[in-house]
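Report on the following structure.
Convention: sequence-line order gives letters A, B, ...; per-chain numbering from 1.
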There are 2 protein chains.
Amino acid sequence: MAEGTGGSANRSIQAQVIAEMRGRIISGEIDPGDPLSELALAEEFGVSRTPVREALKQLQTEGLVEIRPRVGTFVTTPSRREITELFEMKELLEGAAARLLAQRGRVPEIDRLQENLREADAAVARDDHERYAELVGEFHDLLITGADNHKLEAHYRTLMNQLAYSRLVKTSLSQPGRPLQSDREHHLVVELIVEKDGDSAEQVMREHVRASRRALMAGLPTPGSQSSTGTAGA
Amino acid sequence: MAEGTGGSANRSIQAQVIAEMRGRIISGEIDPGDPLSELALAEEFGVSRTPVREALKQLQTEGLVEIRPRVGTFVTTPSRREITELFEMKELLEGAAARLLAQRGRVPEIDRLQENLREADAAVARDDHERYAELVGEFHDLLITGADNHKLEAHYRTLMNQLAYSRLVKTSLSQPGRPLQSDREHHLVVELIVEKDGDSAEQVMREHVRASRRALMAGLPTPGSQSSTGTAGA
DNA sequence: CTACGGTCTCTGCCATGCAAGAGAGTGATG
DNA sequence: CATCACTCTCTTGCATGGCAGAGACCGTAG
């Protein structure tokens, strides 16, 4: 379920379309609410409507687009409630991943996490938000893969895609002092994992997710006043 | 994402096919490993191959079937490892649901849980495994819906479908003394929820899932020796 | 009897055409 | 000027047909 981002070369046409469209949506290249025409996409990719149609269908089950029968296909616009729910799930899964990783003992992912922290320290020190955002993504990624539970990973990736999380990270890190605080929390989590203290690692990781959510919400523009979908607000 | 089991009447053709096939797979009407031919299904349902094909594609993203390109479509056969992972996720999500429900305070689902327990007590008392299995399903269902997190619910249902859990419940309850023990654990969980003790509710719920998993594994026939797919055991 | 090569059928994959529903735009009417 | 009804176009839904790859089966050679 929900293949990773890789594999867009020799796969079938529809697999390429899926990968391409997924990338565009989670990167923000196309905005939530935007309509997606089967015909237009088919012409753009130089294929027929059939593979495009099936690709959109899969993206629907992944929660990235919404197909309104006989009307059209649109990029999903998560409601405020859905965002809250997604963060609740993120907290849950990442907390569990931290605990599972702690239980596994010494595995390569832990080394890579520590290496990640070293680079992150440097990025924070020189105030390089761009690079730090990348490292944050890699940190959470290592945590999940380190849990060594493929189902957990698959569900996590689905969630992150729905959140278009890569876009949000930069917002939350734009809050003053947030990168430094975030970095410290990462350090603490890894420390607890190394000590094999799964319970504490989970607890701290969950608190970290809540903190990052608060930072994100604080950085969002006028929460709830503007309902514009980006195309043409009423 | 992943619509519930309801709604198979006035929806589109492919929605009906999806619901029907999903039902057959999770009920065990068709066995893991069985091949599914687009053409055969299309003829059976009296439709063309297109909606069948799209339905199978969605079932693939739900993890119920596996489409091997140019080869065929087959009902997924969960490996032993996958089953372990699925139970890990089940423990995680149901534990979280218990905690969330406890935090919500007095909601209708709690009343229904208590009513469920009364019926379950009666079923256990008269050794009615069939009815108790139903009530167990309803119990876990109430717990999840009571958490009031639609994402949690959607992911949970996907997991349960992959496990074909409804079939497994009966196996685990066939272990001597398991129904009584299970019923007691349910009581304890609800008690903690009513007391709004979310942490303990989560902990006990997770332990309950682990216990049910142990009971299930103990009841499975020769774990790992026979690789028969069930179609024609030697 | 065993091992190998070719063919043959079955599978999903994609392209195309037609039909039906939804919505916008336009015209007439009060 | 406002409102309603109609048509017209756009969208997706479904049916159908040709195509290419993978695997099974059979015939043949050693």
To the nearest angstrom, how far is [X] atom [atom1] from [N] atom [atom2]?
{"X": "A:Leu36", "N": "D:dC10", "atom1": "CG", "atom2": "C1'", "answer": "15 Å"}
{"X": "B:Leu39", "N": "C:dC13", "atom1": "CG", "atom2": "P", "answer": "14 Å"}
{"X": "B:Arg70", "N": "D:dG23", "atom1": "CZ", "atom2": "C1'", "answer": "14 Å"}
{"X": "B:Arg68", "N": "D:dG21", "atom1": "CZ", "atom2": "C1'", "answer": "14 Å"}

Query raised in the report: When B:Gln58 is tested against each of B:Gln60, B:Glu54, B:Glu62 for side-chain contact (heavy atoms from CB on, under 4.5 Å), which residue passes?
Result: B:Glu62

Report summary line: Result for side-chain contact (heavy atoms from CB on, under 4.5 Å) between A:Lys151 and one of B:Arg81, B:Glu82, B:His155 points to B:Glu82

Report summary line: the helix from C:dC1-D:dG30 to C:dG30-D:dC1: angle between terminal helix axes, five bp per end, to the nearest 10 degrees, reads 10°

Query raised in the report: Between atom CD1 of B:Ile144 and atom CZ of B:Arg157, what is the distance when rounded to the nearest 0.5 Å?
Result: 7.5 Å

Report summary line: Separation between CG (A:Leu159) and CE (A:Met89), nearest 0.5 Å, reads 5.0 Å

Please check the phosphate of [N] (OP1 and OP2 only) for any side-chain N or O of [X] closer than 4.0 Å.
{"X": "A:Thr73", "N": "D:dT12", "result": "yes"}
{"X": "A:Gln14", "N": "C:dC14", "result": "yes"}
{"X": "B:Ser12", "N": "D:dG13", "result": "no"}

Query raised in the report: Does the pair B:Arg213/B:Glu91 count as a salt bridge with the N-to-O cut at 4.0 Å?
Result: no

Query raised in the report: Less than 4.0 Å between a side-chain N and a carboxylate O, is that true for A:Arg112 and A:Glu109?
Result: no

Which pairs would a plain distance check flag for residues 164-171 of chain A, meaning a side-chain donor or acceptor within less than 3.5 Å of a matching protein atom at least two apart in sequence or in another chain?
| unit_1 | atom_1 | unit_2 | atom_2 | d |
| --- | --- | --- | --- | --- |
| A:Tyr165 | OH | A:Lys90 | NZ | 3.4 |
| A:Ser166 | OG | A:Ile26 | O | 3.3 |

Query raised in the report: Looking at B:His140 versus B:His186, is the centre-to-centre ring distance below 6.0 Å?
Result: yes

**Report entry** Close approaches to DNA chain C from residues 45-53 of chain B, in residue order (heavy atom, under 4.0 Å)
**Finding:** B:Arg49, B:Arg53

Requested in this report: State, without any angle test, whether A:Glu94 and A:Tyr156 hold a side-chain donor-acceptor pair at a distance under 3.5 Å.
Outcome: yes

Requested in this report: May I ask you to say what A:Leu56 touches in the nucleic acid, namely base, sugar-phosphate or nothing, with a heavy-atom cut-off under 4.0 Å?
Outcome: nothing

